[in-house]
Amino acid sequence: MQNPVAKVAVVGSGISGSVCAATLARNGISVTLFDSARGPGGRMSQRREISEDGRELLFDHGAPYFTVTNPDVLSVVTEWESRGLVAEWKSNFGSFDCFTNKFVNTEHQERESKKYVGVPGMNSICKALCHEPGVDSKFNMGIGKFEWLEHENLWSLIGLDGQHLGHFKGVVASDKNIALPRFTAITGQPPPLDLSLAPELVKLHDIPIYPCFALMLAFNEPLSLVPAKGLSFTNSKVLSRAQCESSKPGRSSTSERWVLHSTTEYAKDVIAQSGLEKPSKETLSKVGNEMLQEFLSTGLSIPQPFFMKAHRWGSAFPAASIAKEEKCVWSEKKKLAICGDFCLSPNVEGAILSGLAAASKLKGLISTLYYNL
């Protein structure tokens, strides 16, 4: 018999939180998912832009694709593929050396591990998971405080606006910033989660992160002289990688769209000058122009884009893993799990595994509590 009443709150609708929420719901646990954003995805979000001439442009401006090596994750992804949520991105990938101005190691897909993308966008996976039966998703709703009610053995969640959001038997958080000073820098409020509530949370005290800028570009003509649809850059102080969005399965090909990602060092330099606050239009314009110029300097007759917009990922890319063995941070006494790519490995596969681990902790403990009532 499945548990029809146990309630769990999942905070964050990135791939880790979405996987956890859907897994719990499939095991009969009632899940309420909260996210301060307008929709699901986190770093797997798809950005929708409108050009000056009214054309709709879609960009995967965070994670461009993901690979799978773990059998548990492969089983999950195979199921997603059967539902049409993901597809293999079959294309050429390679590297460009900015010192020699030459392409190197350009390889066909069959020589490498499979690269998967969400269809028709990377966020399609999270959208589907957040709407699984048993998952009640609430967007535009940030969490201001996680309050532990000792006598009731429950969690009380309070919104950023002071609204009481409910009592829950367990909580999963997939946003590392909920306990870090960066939350205060962004919102002006104390971090929602007090690290002193559970000794296990000390691991969250200081998670190093890599900042990054993404530049979204759209061209009227194909970049025919670029021999690969996915590129990494070597010997560049500005660019780390680039990918052709319109070459992915399920995407519109009415225009050629690319996303460029900066190096960590370049992003750190910009932030050192402009600060952690939301970057100004002037800063983003300057960053966009510098990243575009580096792309144009490849000497491959790349035309001027008809659309260009930069975005800053301030703390999305973790630089360390804090729970490699456990795959998530877990407080059994408080029924609190912290999951995300920062727990296991800084990629989509790591985030999926961490979300599955958090769900396993919660569903096992809550089922035990339920049957002992």
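- Once rounded to the nearest 0.5 Å, the distance linking CG of Leu160 with NZ of Lys145 reads 13.0 Å.
- Ring geometry for Phe219 versus Phe295: interplanar angle of 30 to 60°, hence tilted.
- Put simply, the side chain of Ser360 never gets that close to the backbone of Ala357: no donor and acceptor are under 3.5 Å apart.
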Exercise for review: Could you please spell out the steps behind the side chain to side chain contact (heavy atoms under 4.5 Å, CB included) verdict for Val171 and Val8?
Suggested key: CA-CA 6 Å; Val171 168; Val8 169; 6.0 Å; no
Under 3.5 Å, sequence neighbours excluded: what are the donor-acceptor pairs made by side chains of residues 322-331?
from, atom 1, to, atom 2, distance (Å)
Glu326, OE2, Lys203, NZ, 3.4
Ser331, OG, Lys334, N, 3.3

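- In this structure, Gly355 and Val19 approach most closely via the heavy-atom pair C-CG1, 4.3 Å.
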Review point. What do the steps show when you test His164 against Ser156 for side chain to side chain donor-acceptor pair (under 3.5 Å), and what is the final call?
Key: CA-CA 8 Å; His164 180 254; Ser156 173; 3.3 Å; yes
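- A salt bridge links Lys309 to Glu49: one of the charged nitrogens lies within less than 4.0 Å of a carboxylate oxygen.
- Under a cut-off of 6.0 angstrom, the local environment of CD in Glu56 is crowded, with over 12 non-hydrogen atoms contributed by other residues, nucleotides or ligands.
- His167 contributes no side-chain N or O that, together with a main-chain N or O of Glu152, makes up a donor-acceptor pair within less than 3.5 Å.
- Cation-pi check for Arg55 over Phe306 is met; the charged atom lies under 6.0 angstrom from the ring centroid and within 45 degrees of its normal.
- A donor-acceptor distance shorter than 3.5 angstrom exists from the side chain of Ser124 to the backbone of Val119, with no hydrogens or angles considered.
- Atom CG of Leu225 and atom OG1 of Thr298 lie 9.0 Å apart (nearest 0.5 Å).
- Between Met216 atom CE and Leu58 atom CG the span is 11.0 Å, to the nearest 0.5 Å.
- Side-chain atoms of Leu215 and Met308, non-hydrogen and from C-beta on, do get closer than 4.5 Å to each other.
- With hydrogens and angles disregarded, a donor-acceptor distance shorter than 3.5 Å links the side chain of Ser240 to the backbone of Ser262.
- A 4.5 Å side-chain heavy-atom check between Met291 and Val238 finds at least one atom pair inside the cut-off.
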**Study point:** Derivation and outcome, side chain to side chain donor-acceptor pair (under 3.5 Å), residues Glu349 and Thr67
**Key:** CA-CA 7 Å; Glu349 182 176 35; Thr67 58; 5.3 Å; no
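- Shortest non-hydrogen contact noted between Val117 and Pro64 is CG1-O, 3.6 Å.
- Residues Lys237 and Glu265 have side chains not in contact (no heavy-atom distance under 4.5 Å, counting atoms from C-beta outward).
- A heavy-atom distance below 4.5 Å is found between the side chains of Leu57 and Arg257.
- Contact annotation: the side chain of Phe59 approaches that of Phe307 to within less than 4.5 Å [non-hydrogen atoms, C-beta and beyond].
- Remark: Lys127 pairs with Pro40, Asn123 by the side-chain contact (heavy atoms from CB on, under 4.5 Å) rule, at least two apart or across chains.
- Hydrophobic clustering, with ILVMFWY side chains joined whenever heavy atoms are under 4.5 angstrom apart, groups Leu356 together with Met44.
- With sequence neighbours excluded, the residues forming a side-chain contact (heavy atoms from CB on, under 4.5 Å) with Ala351 are Ile15, Ser16, Asp341, listed by chain and number.
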**Study point:** Chi angles and distances behind the side chain to side chain contact (heavy atoms under 4.5 Å, CB included) call for Cys244, Trp258
**Key:** CA-CA 4 Å; Cys244 179; Trp258 285 73; 3.5 Å; yes
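- Aromatic ring centres of Trp313 and His261 lie farther apart than the 6.0 Å criterion allows.
- A cation-pi contact, defined as under 6.0 Å to the ring centre and within 45° of the axis, links Lys115 to Phe93.
- For the pair Ser18 (side chain) and Ser13 (backbone), a donor-acceptor distance under 3.5 Å is present.
- With hydrophobic clusters built from ILVMFWY side chains whose heavy atoms lie under 4.5 angstrom apart, Val11 does not share a cluster with Val135.
- For the pair Lys138 and Phe34, the cation does not sit on the ring face, since its NZ or CZ is not both under 6.0 Å from the ring centre and inside 45° of the axis.
- In this structure, CD1 in Ile125 is found 7.0 Å from CG in Leu85, a value given to the nearest 0.5 Å.
- Taking CD1 of Ile209 as the start and NZ of Lys268 as the end, the distance is 8.0 Å to the nearest 0.5 Å.
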**Study point:** Pair Ile271-Gln273, side chain to side chain contact (heavy atoms under 4.5 Å, CB included): steps then yes or no
**Key:** CA-CA 5 Å; Ile271 292 173; Gln273 298 173 34; over 6 Å; no
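- The aromatic rings of His131 and Phe139 sit tilted, their planes meeting at an angle between 30° and 60°.
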Review point. Going through the checks in order, is the side chain to side chain contact (heavy atoms under 4.5 Å, CB included) test met by Leu231 and Arg241?
Key: CA-CA 5 Å; Leu231 293 171; Arg241 66 186 182 192; over 6 Å; no
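- In this structure a side-chain-to-backbone donor-acceptor pair under 3.5 Å is missing from Ser30 to Lys7.
- Using a 4.5 Å cut-off between side-chain heavy atoms of Ile, Leu, Val, Met, Phe, Trp and Tyr, with links allowed through other members, Met141 and Val172 fall into different hydrophobic clusters.
- Ser354 contributes no side-chain N or O that, together with a main-chain N or O of Cys339, makes up a donor-acceptor pair within less than 3.5 Å.
- Asp60 places none of its side-chain heavy atoms less than 4.5 Å from the side chain of Tyr65.
- Between the CD atom of Glu79 and the OG atom of Ser75 there is a distance of 8.0 Å, given to the nearest 0.5 Å.
- With Asn27 contributing its side chain and Thr23 its backbone, the two residues share a donor-acceptor pair below 3.5 Å.
- Residues Leu201 and Leu336 meet the side-chain proximity criterion, which asks for heavy atoms closer than 4.5 Å.
- Side-chain N or O atoms of Thr78 include one that pairs as donor or acceptor with a backbone N or O of Leu74 at under 3.5 Å.
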Check your understanding: Where do Arg83 and Glu81 land on the salt bridge (charged side-chain N to carboxylate O under 4.0 Å, His left out) test, with the steps shown first?
Key -> CA-CA 5 Å; Arg83 296 168 58 186; Glu81 194 170 16; over 6 Å; no
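- Although no hydrogens or angles enter the test, the distance criterion places a donor-acceptor pair under 3.5 Å between the side chain of Asn70 and the main chain of Asp72.
- Using a 4.5 Å heavy-atom cutoff, the side chains of Leu292 and Gln304 are in contact.
- With a 6.0 Å cutoff to the six-membered ring centre and a 45° limit on the axis angle, Arg43 counts as a cation-pi contact of Phe317.
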